[in-house]
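One structure is given here, and the rest of the page talks about it.
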Number of protein chains: 2
Amino acid sequence: MPWISHSTTNEVINQICDRIWLAVVQRTLRPGARLKEEELTEIFGTTRARVRQALAILEQDGLVTIYPNRGACIAEPSVDDAQDAFSARLAIEQRLVTRLCRSAKPEDIAILRDHIAQERAAHARGDSEAVIRLSGEFHMLIARLAEAELLLKILRTLTIRTSLITAMYQTQATQTCGPDEHDRILAAIEARDESRASHEMTHHLEHLETALRLSEAPMPVSGLREALHGIAQRRAP
Amino acid sequence: MPWISHSTTNEVINQICDRIWLAVVQRTLRPGARLKEEELTEIFGTTRARVRQALAILEQDGLVTIYPNRGACIAEPSVDDAQDAFSARLAIEQRLVTRLCRSAKPEDIAILRDHIAQERAAHARGDSEAVIRLSGEFHMLIARLAEAELLLKILRTLTIRTSLITAMYQTQATQTCGPDEHDRILAAIEARDESRASHEMTHHLEHLETALRLSEAPMPVSGLREALHGIAQRRAP
DNA sequence: TCATATAATATTGTTGACAATATCGTTGAC
DNA sequence: GTCAACGATATTGTCAACAATATTATATGA
């Protein structure tokens, strides 16, 4: 049940988006991989029109790039894009935790505490899929509890972007940061210390960013053809 | 040349989006007004598919609401929505001015100064359309000069929302705030005073928000029917 | 052998007709 | 006279065939 789900009337479209996102964060689909409409149509047992809508949504979210008349590929965010995404998340999430410091009710604290416990459990049993999912969900949870619908929506697309960036640039050493930092953020919220909460969130996001090897620009590609011909580069406008 | 333009391959779709946005800020199209696909098709001399795409984009931007199987209407943001939008803008724009304080080159300052001069000119000659356009453009300009592509994109949709909100809740007294506050923001940027710039931006946005009569909840409607039957409420999920 | 032009194939983009759904007006029973 | 059910109309949603475009393969000349 990915927290990424885009609110669309059609369930099939959500499925397509979720599955593609999942494949990306699990590194099954590499950046630059082509997404042929026909192929997706067969996989999901739907029509091309639906696939098309899904791809349009995913492009909005920055997960895929659509080259006109040439099809869709998993996006390949540059180092600049990555820094932009984290910078934007910082702006949004600093405000969110500050806001939550003021408005958090005891049950909100309890929900967050329980969530972190789940993260710990997933971490302990080595369930990396759950770790990724829960780790992202924590941030979305803060947005939801802060009752900022718009900021939640924005954060959702930003998190999709950073998911892709993480999948693209992460070193195998830094799979995910443990739930300890989430714990410190929660502690600050509980203490109603806006400044500290904001600071902890900043630290957390900066940690996430610096854990990537952004400087090296690994430029991963999906398949042999792209690797050999550099099609993705030539295609860019 | 509305600064709202969404980057789409198809020019017609941009036109539709721009025209609808313009009609909204000029209060020609009132919130709640129905947007029949066929009607738009005739007006813009295009096909229903294109109109549909345009409406989907406008829904993403929060300018229209699409009720499944029932068509599209100009959105009617609630007071909460309005506060959310300004809150989000605050988060984004504080970061943008801070960033620009560090990175602004002399030519950037010149561009901003020139822009404010244009604002003054438009204000002086009573060209309210230009005033609205330029006033919004100033904020987008800051985002562009700050070289934060993602934040620019986010700010674009937020500005569309606040445009609608302004058109919806503004009192006739407070048409637009003059360019003086923009001037103070620029002065802070020029002085490289991050704290002051952030503060001026905050003040400016809060001023914009408080100039609206959000508390009264005028709940404007497009037609008599909606006013009497409260259809907009029943339609919501 | 390499580069260029051309035909063949594959993929995306568009259109118009059809199906599904909601709204509106009418009829009929109570 | 009011309400509910029904049919008529209007509007949106979907699809499959067609057109446009790009990519690949082939052929040709230097």
Side-chain angles (χ1 to χ4, degrees), chain A residues 6-16 20 32-60 64-75 221-237, chain B residues 6-16 20 32-60 64-75 221-237:
Chain A
H6 188 274
S7 55
T8 311
T9 52
N10 197 312
E11 192 52 39
V12 182
I13 294 175
N14 292 334
Q15 275 183 26
I16 297 174
I20 289 178
R34 281 209 62 183
L35 302 169
K36 295 183 192 171
E37 295 180 357
E38 195 107 15
E39 222 171 316
L40 294 171
T41 304
E42 288 169 17
I43 292 169
F44 291 98
T46 180
T47 63
R48 262 184 63 214
R50 294 274 164 74
V51 170
R52 208 150 233 281
Q53 281 184 61
L55 289 174
I57 289 170
L58 289 172
E59 189 194 26
Q60 274 295 315
V64 314
T65 308
I66 294 178
Y67 303 103
N69 291 319
R70 255 166 283 191
C73 297
I74 302 294
V221 284
S222 61
L224 195 57
R225 218 187 59 239
E226 285 82 356
L228 298 175
H229 296 166
I231 284 171
Q233 274 68 24
R234 278 199 286 114
R235 273 177 179 160
Chain B
H6 187 274
S7 53
T8 311
T9 52
N10 197 310
E11 193 52 40
V12 182
I13 293 176
N14 292 335
Q15 275 183 25
I16 297 174
I20 289 178
R34 280 208 62 183
L35 302 169
K36 295 183 192 171
E37 294 180 358
E38 194 105 18
E39 221 171 315
L40 293 172
T41 304
E42 288 169 17
I43 292 169
F44 291 98
T46 180
T47 62
R48 259 186 64 213
R50 294 274 165 73
V51 170
R52 207 150 234 282
Q53 282 184 58
L55 289 174
I57 289 170
L58 290 172
E59 190 195 25
Q60 274 294 316
V64 315
T65 308
I66 295 179
Y67 303 102
N69 293 318
R70 253 165 285 190
C73 297
I74 302 294
V221 285
S222 60
L224 196 58
R225 215 186 63 238
E226 284 81 357
L228 299 175
H229 294 167
I231 283 173
Q233 275 67 23
R234 276 200 289 116
R235 273 179 179 160

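Here is the naming used below: chain letters follow the sequence lines, and residue numbers restart at 1 for every chain.
The interatomic distance linking B:Q53 (CD) with D:dG13 (P) rounds to 14 Å, in whole Å. Here C:dT12 presents its C1' atom at 14 Å from CD of A:E59, a figure rounded to the nearest Å. When the C1' atom of D:dT14 is taken as reference, atom CZ of A:R52 falls 15 Å away, rounded to whole Å. For A:R48 and D:dC15, the CZ to P distance is 13 Å, given to the nearest whole Å. In this structure, A:E42 atom CD and C:dA10 atom P are separated by 13 Å, rounded to whole Å. Rounded to an integer number of Å, the gap from A:E39 CD to C:dT12 C1' is 14 Å. Look at CD on A:E38: it is 13 Å from C1' on D:dA17, rounded to the nearest Å. For A:L40 and C:dT12, the CG to C1' distance is 13 Å, given to the nearest whole Å.
One finds no side-chain N or O of B:N69 lying less than 4.0 angstrom from the OP1 or OP2 phosphate oxygen of C:dT23. A:T47 has a side-chain polar atom (N or O) that falls below the 4.0 Å cut-off from OP1 or OP2 of D:dC15. At the phosphate of C:dT21, neither OP1 nor OP2 sits under 4.0 Å from any side-chain N or O atom of B:R70. Contact between the side-chain N/O atoms of A:R34 and the OP1/OP2 oxygens of C:dT12 is found at a separation under 4.0 Å.
Annotation: side chain of A:L55 is in contact with side chain of A:L40 (closest heavy-atom distance under 4.5 Å). Residues B:I16 and B:T46 are in side-chain contact: their nearest non-hydrogen atoms beyond the backbone lie under 4.5 Å apart. In this structure, A:N14 and A:N10 have side chains that are not in contact, with every pair of non-hydrogen atoms separated by 4.5 Å or more. Between A:I74 and A:I20, the closest side-chain pair of non-hydrogen atoms falls below 4.5 Å.
Considering only side-chain atoms of A:K36, the nucleotide from D:dC15, C:dT12, D:dG13 that sits closest is C:dT12. Taking only side-chain atoms of B:N10, from C-beta outward, the nucleotide of C:dT12, C:dT14, D:dT12 with the closest atom is C:dT14.
For the pair A:T46 and B:G71, nearest-nucleotide mapping onto DNA chain D gives the more 5' position to B:G71.
Side-chain N/O atoms of B:R50 and base N/O atoms of C:dG13 include no donor-acceptor pair closer than 3.5 Å.
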Using the rule given for salt bridge (Lys or Arg N to Asp or Glu O under 4.0 Å), can you reason through B:R48 versus B:E38, listing the C-alpha separation, both sets of side-chain angles and the distance that settles it, and then say yes or no? CA-CA 7 Å; B:R48 259 186 64 213; B:E38 194 105 18; 5.4 Å; no
